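Structure first, then comments.
Since the model is a prediction, treat every value here as computed from it, not as a measurement.
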Amino acid sequence: ERGMTFKLGFDDANELTERQVLDQLKMYIAALRIADDFGCDAIGIQYQQGLKDLAPASDLAEGLLNNPSRPPVTSRDGSRELYAGLALPHFNEVDEGAALDEIREVASLFGVTGRAEELIAAQEAELAEVKTPAEPTTALWYSSGTDAPYVGAGIGAPQMMLTAAGLTNIFADVHDTWTSAGWEQVVAADPDVIVLVDASWNTAAKKIELLEANPATSQLTAVREHRYLTIPFPAAEAGVRNVEAVASLADQLADLPAVS
């Protein structure tokens, strides 16, 4: 009565294949064993930014982790069943407006709900102090990608932070957290500012070099006038760093000259 039926194909680009299912099951097993190694009561897989170019979508692994009826997994030495009969709560990139609920949920797992409410109150107060631009200001959230930019879309953490900072996302109409876009779309929108996700393996400086070397993007208003805002990679995912990131974006924007 339990279980799932997979309709498999052979084309990795357009169908669900056996290899992809097996890779997700490996991810599921690895997540449980890593959680056991560190004594975790919950775990997160940052698929959208950390693994999207390396592994199949993590939906199956995430769904299994959150289900107490999941397949059993043993410890690395095979002596124990890990989290037997229990779900291992999993938290992924959260959709707009859900970050505070996630803080409460994680706090409840560890029995520190009072500390969660203190943190939420402090973050709400900080957010209330953010000064948004007086004039409409459009923005591109540029996460990664060279041939095709991987950008913040309309329902995830990037959209949440851009809205809180008073910026209009040029890809707000895309119903996704992040999406692969075309440079021609970016050129057509000509955003007032570009938000650059700064990661050690894909720095903001490298993204600026690419934007300024590309004949098309080099003519963007934000590129010609060096209207860049940066955000550290850990703050690009929904979580406790988001409010600080919003305040930083607002401060950086305030320091820029007006669009000429």
Side-chain angles (χ1 to χ4, degrees), residues 48-49 52-53 93 95-97 126-127 129-238 241-260:
Q48 286 277 14
Q49 296 211 29
K52 71 177 184 65
D53 294 327
E93 300 89 352
D95 286 349
E96 182 174 351
E126 184 176 0
L127 197 58
E129 295 296 318
V130 170
K131 299 294 190 295
T132 57
E135 300 295 330
T137 305
T138 58
L140 165 69
W141 182 290
Y142 179 20
S143 176
S144 62
T146 54
D147 294 336
Y150 196 59
V151 303
I155 62 170
Q159 179 63 42
M160 176 177 65
M161 287 185 273
L162 290 175
T163 299
L167 298 168
T168 300
N169 184 2
I170 64 171
F171 289 104
D173 60 341
V174 177
H175 191 76
D176 208 343
T177 48
W178 285 267
T179 190
S180 291
W183 286 120
E184 65 277 4
Q185 294 171 280
V186 175
V187 170
D190 193 18
D192 297 318
V193 297
I194 299 175
V195 177
L196 304 169
V197 177
D198 191 24
S200 59
W201 60 91
N202 188 2
T203 65
K206 287 183 179 178
K207 295 184 180 76
I208 291 173
E209 288 178 10
L210 184 146
L211 290 167
E212 295 182 349
N214 183 310
T217 56
S218 66
Q219 297 307 305
L220 291 169
T221 300
V223 175
R224 286 188 289 103
E225 300 183 5
H226 302 282
R227 297 180 59 81
Y228 302 118
L229 312 178
T230 61
I231 182 170
F233 172 77
E237 301 281 358
R241 297 180 178 89
N242 292 159
V243 171
E244 181 181 356
V246 169
S248 174
L249 291 175
D251 289 343
Q252 292 176 63
L253 183 61
D255 289 339
L256 294 177
V259 179
S260 61

Test of understanding: with side-chain contact (heavy atoms from CB on, under 4.5 Å), list the residues that count as partners of Thr203, not counting sequence neighbours. Asp198, Ala205, Lys206
Residues in side-chain hydrogen bond (donor to acceptor under 3.5 Å, both in side chains) contact with Glu212, at least two apart in sequence or another chain: His226, Tyr228
Test side-chain hydrogen bond (donor to acceptor under 3.5 Å, both in side chains) applied to Ser248 - qualifying residues, sequence neighbours left out: Gln252
Taking only residues two or more places apart in sequence, or in another chain, which ones meet Ala235 in a side-chain contact (heavy atoms from CB on, under 4.5 Å)? Ile231, Pro232, Arg241, Ala245
Member of Phe171, Trp178, Tyr150 meeting the side-chain contact (heavy atoms from CB on, under 4.5 Å) criterion with Trp141: Trp178
Main-chain N/O of Ala250 paired with Lys131 side-chain donor or acceptor, under 3.5 Å: no
Pick one: which of Val151, Thr230, Leu253, Leu249 meets side-chain contact (heavy atoms from CB on, under 4.5 Å) with Val195? Leu249
The criterion is side-chain contact (heavy atoms from CB on, under 4.5 Å); which residues satisfy it with Asp190, sequence neighbours excluded? Leu220, Thr221
For Ala247 and Val130 the tightest heavy-atom approach is CA-CG2, 4.0 Å
For this output row, return yes or no: ring centroids of Trp201 and Phe233 closer than 6.0 angstrom. yes
If you draw a 6.0 Å radius around CD in Gln185, do more than 12 non-hydrogen atoms from other residues or ligands fall strictly inside? yes
Under the side-chain hydrogen bond (donor to acceptor under 3.5 Å, both in side chains) test, residues paired with Thr138 that sit two or more places apart: Asp192
If I compare all heavy atoms of Met160 with all of Asn242, which pair ends up nearest, and what's the gap? CE-OD1, 3.3 Å
Which residues pass the side-chain contact (heavy atoms from CB on, under 4.5 Å) test with Ala148, sequence neighbours left out? none
Donor-acceptor contact below 3.5 Å, side chain Asn169 vs main chain Ala153: yes
For Tyr142, ring-ring contact (aromatic ring centres under 6.0 Å, His included) partners two or more places apart: Trp183
